[in-house]
Amino acid sequence: MKSPLLSLPGAVPAEGPDEGVAAHYGDLFREQRALADGTGFVDLSHRGVLTVTGDDRLSWLHLLITQHVSELPAGRATEALVLTANGHIEHALYLVDDGTTTWVHVEPGTQGALLAYLESMKFFYRVEVADRTEEFALVHLPAGSIVNLGDGEAAAVRETPYGRDVFLERGRLEEFAAAHGPAVGVLAHEALRVEAHRPRLGFETDHRTIPHELGWIGTAVHLQKGCYRGQETVARVQNLGKPPRRLVFLHLDGSEVHLPGPGTPVRLAADGPDGRKLGFVTTSARHHELGPIALALVKRNVPVDAELIAESTAAAQEVVVEP
């Protein structure tokens with residue numbers, strides 16, 4: 001889905017998973033500062049949108065996802081995962097229920113596979129699941145935003161500590177931008193996500209990631225709910241062991257021109273660039289205050305005070321997930 005806001009002045013298209021929206025509009029750090037100050041909005045209209053309706057929607061979803069949603073109050077935002085039978089992360093869902101419909105946004109391009117899975121699990125429940133990506137778009141208003149959404153302007157809103165995720169009719173994107181700009185690119189949004197240590201599906205995850213490695217226990221995984229696919233792994237690791245890897249935040253050497261990209265090996269600084277690989281960078285960004293920063297997955301037994309390098313760039317780690 002190519003956003004019409006790519007026609008705004010200065011818009012530079014994003015690449016990779018965020019293709020279809022703007023990476024930035026000409027001034028990355030100004031856009032970051034705007035978000036941090038609670039102004040502007042981020043065009044996330046490339047993300048997938050699903051809706052679930054029907055009398056059994058919450059009790060049915062409760063059986064399939066990692067979050068406790070059987071009694072989710074209307075208007076309360078939550079997030080959840082769908083796991084494989086072995087407990088590996090397959091989907092990340094960001095939900096809100098408005099009293100009649102559960103609205104979900106997901107990573108770009110993943111809505112089709114998620115819809116197929118949900119359809120296969122309907123059985124005799126009174127639910128209807130629909131891919132609404134072509135009809136509805138997502139925009140993000142940062143925490144502290146004083147934007148007053150007019151009556152009927154939004155189809156649904158997720159209020160979170162990081163701001164508001166607004167579902168609106170796709171045809172109203174340009175109208176929304178004119179009323180609530182300036183528009184901010186996804187690179188600024190990503191930099192603040194990395195600063196907040198928030199994992200993202202497909203960035204901090206690979207085919208074997210389990211929720212404990214990323215700190216998703218508690219925020220996206222409820223430990224006192226009933227059975228769901230992959231629960232055995234979650235319970236076993238929670239009660240009997242430790243995850244094999246852990247998410248860390250890296251302060252990167254600001255004197256380096258090159259920013260280590262996703263997949264860059266992480267090693268002990270003392271061992272040098274030819275040392276044993278201990279993990280890899282998942283997301284890196286240039287932050288308006290912190291300079292170059294990154295998230296990385298490293299082996300659980302890497303000492304928390306160890307000096308690291310990402311390729312040849314010095315990296316001081318900050319604990320996100322306890323070893």
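The shown structure was predicted, so the numbers you read here are calculated from the model rather than taken from an experiment.
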Could you state whether Leu44 and Leu187 fall into the same hydrophobic cluster, counting links through intermediate Ile, Leu, Val, Met, Phe, Trp or Tyr residues with side-chain heavy atoms under 4.5 angstrom apart?
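Different clusters: Leu44 never reaches Leu187 through Ile, Leu, Val, Met, Phe, Trp or Tyr contacts under 4.5 Å.
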What about Ile210 and Ile217, same hydrophobic cluster or not, with Ile/Leu/Val/Met/Phe/Trp/Tyr joined at side-chain heavy-atom distances under 4.5 Å?
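No.
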Mutual orientation of the aromatic rings belonging to [X] and [Y] [parallel < 30°, tilted 30-60°, perpendicular > 60°]:
{"X": "His189", "Y": "His140", "value": "perpendicular"}
{"X": "Phe167", "Y": "His105", "value": "tilted"}
{"X": "Tyr125", "Y": "Trp60", "value": "tilted"}

Let me check something: any side-chain donor-acceptor pairs from residues 291-309 under 3.5 Å, sequence neighbours excluded? List them with distances.
| residue | atom | partner | partner atom | Å |
| --- | --- | --- | --- | --- |
| Arg300 | NE | Pro243 | O | 3.1 |

Which residues share a side-chain contact (heavy atoms from CB on, under 4.5 Å) with Asp27, sequence neighbours left out:
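Testing Asp27 for side-chain contact (heavy atoms from CB on, under 4.5 Å), a comparison that skips the adjacent residues, returns Phe29, Arg30.
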For Glu195 and His287, test the side chains for any donor-to-acceptor distance below 3.5 angstrom and give the result as yes or no.
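Per modelled atom types, Glu195 and His287 side chains form a pair under 3.5 Å.
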Pairing residues for Arg158 by the side-chain hydrogen bond (donor to acceptor under 3.5 Å, both in side chains) criterion, not counting sequence neighbours:
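side-chain hydrogen bond (donor to acceptor under 3.5 Å, both in side chains) list for Arg158, sorted by chain: Asp165.
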Going by the rule side-chain hydrogen bond (donor to acceptor under 3.5 Å, both in side chains), which residues pair with His288 if we only count those two or more places apart in sequence or in a different chain?
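If we apply the side-chain hydrogen bond (donor to acceptor under 3.5 Å, both in side chains) test to His288, skipping adjacent residues, the hits are Gln32.
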For His197 and Phe249, run ring-ring contact (aromatic ring centres under 6.0 Å, His included): C-alpha distance rounded to whole Å, both residues' side-chain angles, the deciding distance at 0.1 Å, then the answer.
CA-CA 7 Å; His197 308 165; Phe249 177 80; 4.8 Å; yes
Determine whether Asp97 and Arg57 satisfy the following criterion, salt bridge (Lys or Arg N to Asp or Glu O under 4.0 Å), listing intermediate values before the conclusion.
CA-CA 10 Å; Asp97 192 86; Arg57 66 189 183 283; 2.8 Å; yes
Is the backbone of Leu81 close enough, under 3.5 Å, to the side chain of Thr66 for a donor and an acceptor to pair up by distance?
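Flag set: sc Thr66 to bb Leu81 pair under 3.5 Å.
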Inter- and intrachain pairs under side chain to side chain donor-acceptor pair (under 3.5 Å), touching residues 4-21, at least two apart:
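Matches after skipping sequence neighbours: Asp18-His46, Asp18-Arg200.
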Ala315 to Leu252 - nearest heavy-atom pair and separation:
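Residues Ala315 and Leu252, closest heavy atoms: CB-CD2, 3.7 Å.
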Under a 4.0 Å threshold between the charged nitrogen and the carboxylate oxygen, would Asp206 count as salt-bridged to Arg245?
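So Arg245 pairs with Asp206 through a salt bridge.
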Go through the structure and list residues passing ring-ring contact (aromatic ring centres under 6.0 Å, His included) with His88, not counting sequence neighbours.
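Expected list: none.
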